[in-house]
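Scroll down for the structure; my scribbles are underneath it.
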Amino acid sequence: MDLSYTPEEEDFRERLREWLGKVLPTLPPKPSPEDWPARRAYDLGWQRMLYDAGYADVHWDASPTMRLIFLEETEKAGAPYVGANFVGLLHAGPTIAAEGTAGQRARWLPPILRGEEVWCQGFSEPDAGSDLAALRTRACRDGDDYVVSGSKIWTSHAEVADWCELLVRTDPTAPRHRGITWLAMPMDAPGITVRPLRTLAGSAEFAEVFLDDVRVPVANRVGDENDGWRVTMVTLSFERGTAFVGEVVAGRRVLGELARQARANGRWDDAVLRRRLGRLNAEFRALWRLTQWNVSEAEASGGVPGVGGSVFKLRYSHARQELYDATADVLGAESLDLDRPWVLDRLSSLSYTIAAGTSQIQHSIVAERILGLPKGR
């Protein structure tokens, strides 16, 4: 498999680097992590700048390799993260681009690209845990609408979202993977209650969402009724396939900074720590190569990442936790100071073996879909 870049791709990289070098110094200061309306405005403003410069559609209109280059270069340059645009750009948008009708693509994709609308993800439920197919939020057909009742938890950016990618059960009598439907729900519809959740790191980018007879047009269904599980696998393939690319680049940067910090405070004299950082450096280099391999596979299969994303997500989740555990070794007592670099990152890293599918779920996917092992009972 050829992991090298074509002249066209390298030209795209150089043009992007030049543009980032010009525009990033002009950006206003980032708002407080606690001020989500301000963060929404900041993130949408950055997305609009990308749109005006011709880079907005890279997440689903460009090739997977171009997407990889974009994520790599923006992270290296310290460009703003997608933030409140995360679900729209990296989950819902690519799913609608791959599975939506022409009318749905025309309605929802341009506002995401122009930085006009924010999406949230309504997948997880309080009683389902990591078993997404155990969801119980019901949607009953009533003419041209579905009437939705239930609740969701860990709904990313619900408090500032315009739309929600929502999983509902439309046929409770069908086998549990076959009675699910994927809907686009307007967050201003009557019957929706949003209650923000504060994380261990002190932020509130998640929320509980309660749905009380919310009417969602049938026209907002992506894919066929009761075919939502297959559509969801497309969504999750993007979430596990390329959504973490920038974080791998960030992890490699943190390793370099960590080594410099260790030399400055004397921790570099610890041979055990040096070996640990060296092993992590090899780990993140391997993860980057795995990312390139997954992107090449996606390129050959029409642009949708495959189950190799689960291999990546499984290993990356643990590598990130190991990386930020190493920052605690370097910082010593200062690792308890929430104002120090990396401390909040260490707290957030604890969620990575749960978010986007737990490590146990990823083990099952790898065992069944890649190794061909029998399903557990």
Side-chain angles (χ1 to χ4, degrees), residues 30-31 33-51 55-60 62 67-68 70-72 74-75 78-98 108-109 111-124 152-167 182 184-185 187 194 196-197 199 201 203-207 209 232 234-251 291 305 309 312-313 316-317 320 344-345 348-349 351-352 354-357:
K30 293 183 180 179
E34 304 296 321
D35 189 348
W36 267 102
R39 289 179 66 179
R40 171 191 160 109
Y42 183 90
D43 295 339
L44 290 179
W46 171 243
Q47 181 60 26
R48 181 69 200 204
M49 295 177 72
L50 291 171
Y51 178 83
Y55 293 114
D57 63 351
V58 72
H59 293 292
W60 55 70
R67 190 181 311 139
L68 177 69
F70 174 84
L71 293 169
E72 179 185 12
T74 50
E75 178 59 41
Y81 184 57
V82 289
N85 294 315
F86 181 81
V87 175
L89 285 171
L90 303 183
H91 299 177
T95 303
I96 294 167
W108 287 315
L109 299 188
I112 295 173
L113 296 180
R114 291 193 297 260
E116 295 171 355
E117 293 180 345
V118 169
W119 285 66
C120 62
Q121 185 180 79
F123 283 12
S124 300
K152 297 291 180 175
I153 198 168
W154 307 122
T155 307
S156 310
H157 309 310
E159 64 273 28
V160 293
D162 303 292
W163 292 90
C164 177
E165 54 171 0
L166 183 72
L167 289 188
W182 200 106
M185 179 178 71
M187 289 298 290
V194 176
L197 294 168
T199 68
S203 61
E205 65 264 33
F206 301 109
V209 176
T232 302
V234 174
T235 304
L236 294 179
S237 71
F238 285 109
E239 184 176 24
R240 296 163 185 167
T242 55
F244 291 113
V245 167
E247 297 189 37
V248 175
V249 178
T291 298
F312 168 84
K313 199 282 178 177
Y316 171 72
S317 298
R320 182 181 174 89
L344 291 179
D345 290 323
S348 70
S349 75
S351 70
Y352 274 65
I354 300 173

Provide the closest heavy-atom pair for [X] versus [Y] in the form atom of the first, atom of the second, distance.
| X | Y | answer |
| --- | --- | --- |
| Cys164 | Met187 | CB-SD, 3.6 Å |
| His91 | Glu165 | CB-OE2, 3.5 Å |
| Trp119 | Ala161 | C-CB, 4.0 Å |
| Pro196 | Glu159 | CG-CB, 4.5 Å |
| Phe206 | Ser156 | CE2-OG, 3.7 Å |
| Asp43 | Tyr81 | OD1-O, 4.1 Å |

Looking only at side chains, do Trp163 and Glu117 share a donor and an acceptor under 3.5 Å apart? yes
Let me confirm one number: the [atom1]-[atom2] distance from [X] to [Y], rounded to the nearest 0.5 Å.
| X | Y | atom1 | atom2 | value |
| --- | --- | --- | --- | --- |
| Tyr51 | Leu113 | OH | CG | 7.5 Å |
| Leu90 | Leu71 | CG | CG | 7.0 Å |
| Leu109 | Asp57 | CG | CG | 10.0 Å |

Could you check whether any side-chain heavy atom of [X] comes within less than 4.5 Å of a side-chain heavy atom of [Y], counting everything from C-beta outward?
| X | Y | answer |
| --- | --- | --- |
| Arg48 | Glu116 | yes |
| Asp162 | Arg40 | yes |
| Leu197 | Ile153 | yes |
| Leu89 | Ile112 | yes |

So, Lys152 side chain and Gln121 main chain: donor-acceptor pair closer than 3.5 Å or not? no
Is a side-chain N or O of His157 found less than 3.5 angstrom from the main chain of Gly83, in a donor-acceptor match? yes
How far apart are the C-alpha atoms of Thr95 and Trp182, what are their side-chain angles, what is the distance that settles it, and do they pass the side-chain contact (heavy atoms from CB on, under 4.5 Å) test? CA-CA 10 Å; Thr95 303; Trp182 200 106; 4.1 Å; yes
